[in-house]
Amino acid sequence: MLIRSLEWNDIALVEEMPTGIEDDYVVRIIKRLIKEEKMIGYFEEGKLIGIAGMTLYEDEAAVLGRLRTHIDYRGKGVASALMNFLRKEAHQNSNVKWIGYATEEYNIAGNRLAPHLHMNLEAIIVSSRISPHSVAGDIVTSPFQKVAGTEKKGLIEKEWENNSHSFFPYSIYYPLPFVPALSSSYIDGTEIFVNEYGSFMMTKEEKGASYLHVKVLNEAVLYSKEMWEIASTCASEEARTIWVDLPMKEAKWLEMMSHQTIWHLYGQKRSYQNEMDRS
């Protein structure tokens, strides 16, 4: 058994490994992943039987994923070995405050991995995909004002401190249990609007499709007619689907107006890592 970083010459092996997943996005973007992110493979007698990857966000959060296993080797500890390898490597980076991953609620194998990685359930998240103008809102509020660049970061941190959410919707597919020290590129790519009820954020993302990621940390803002008009207008201009991540209670309001997916966010904070690594 050998676990090592994937190299350019391994691309054909990744493409040929049978996983049972049709039109797998990981296979489609494997060249970019090998070039820009951390991708590892599990080899047995020279045969590739599993892959996994790790992405660092703001050099503070290590998100594990891209997990794929050869259909003939499932249930044999390959996935656990790959994810633990990445977890331990991430721990070598002293800047990393948290290591974790998100998996869909129905993914039994993905959820069963958490105890083997010494990870706890951090949050249950409902992702709603919404067509522009499908949601009108319930309450009329005063107009929202767009926030200037120098004020954005402080407002995000203030909203996080005052909210009751157990996760920050950092990016589509990548919620975090905290707000990291947001980079200037992240701030520049985020539009923020505020009124007396609170604020909401919007980022444009390409994740297999074009999305407008709307981040709402204040429940009162979620029902604002003005907010939904701004989001729908922006999404319509570039034929984007609106994506909103919310706790289950708040997401219930969008259930009939969206396509929803439930995610489980698992993680391990730095203090907990140290305890486990010493044991």
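One-based numbering along the sequence shown.
- A centroid separation of 6.0 Å or more is found between the aromatic rings of Tyr42 and Tyr73.
- Looking at Gln260, its side chain never comes within 3.5 Å of a backbone N or O of Val126 through a donor-acceptor pair.
- For CZ of Arg4, the number of neighbouring non-hydrogen atoms (other residues, nucleotides, ligands) closer than 6.0 Å is greater than 12.
- Judged by distance alone, with hydrogens and angles left aside, the side-chain atoms of Glu159 form no donor-acceptor pair with the main-chain N or O of Gly198 at under 3.5 Å.
- One finds no salt bridge joining Glu44 and Lys47 here, because no Lys/Arg side-chain nitrogen approaches an Asp/Glu carboxylate oxygen to under 4.0 Å.
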TODO: Show your working on side chain to side chain contact (heavy atoms under 4.5 Å, CB included) between Phe43 and Asp10 and close with a plain yes or no.
DONE: CA-CA 11 Å; Phe43 295 84; Asp10 297 318; 4.1 Å; yes
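- Aromatic pair Phe178/Trp160: ring centres not closer than 6.0 Å.
- A side-chain contact (heavy atoms from CB on, under 4.5 Å) with Phe200 is found for exactly one of Ile230, Val194, Asn218, Leu217, namely Ile230.
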- [ ] Evaluate side chain to side chain contact (heavy atoms under 4.5 Å, CB included) for Tyr57 paired with Tyr186, printing each intermediate quantity in order.
- [x] CA-CA 10 Å; Tyr57 289 101; Tyr186 186 89; over 6 Å; no
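- Sorted by first and then second residue, the pairs that involve residues 176-197 and meet salt bridge (charged side-chain N to carboxylate O under 4.0 Å, His left out), not counting sequence neighbours, are Lys146-Glu191.
- By the 4.0 Å N-to-carboxylate-O rule, Lys249 lies too far from Glu219 to be salt-bridged with it.
- Salt-bridge formation is not detected for the pair Lys97/Glu58: no Lys NZ or Arg NE/NH1/NH2 atom is positioned less than 4.0 Å from an Asp or Glu carboxylate oxygen.
- Distance check, rounded to the nearest 0.5 Å: CD1 of Ile192 to CD of Glu151 gives 9.5 Å.
- The local environment of CG in Leu2 is crowded, with over 12 non-hydrogen atoms from other residues, nucleotides or ligands closer than 6.0 Å.
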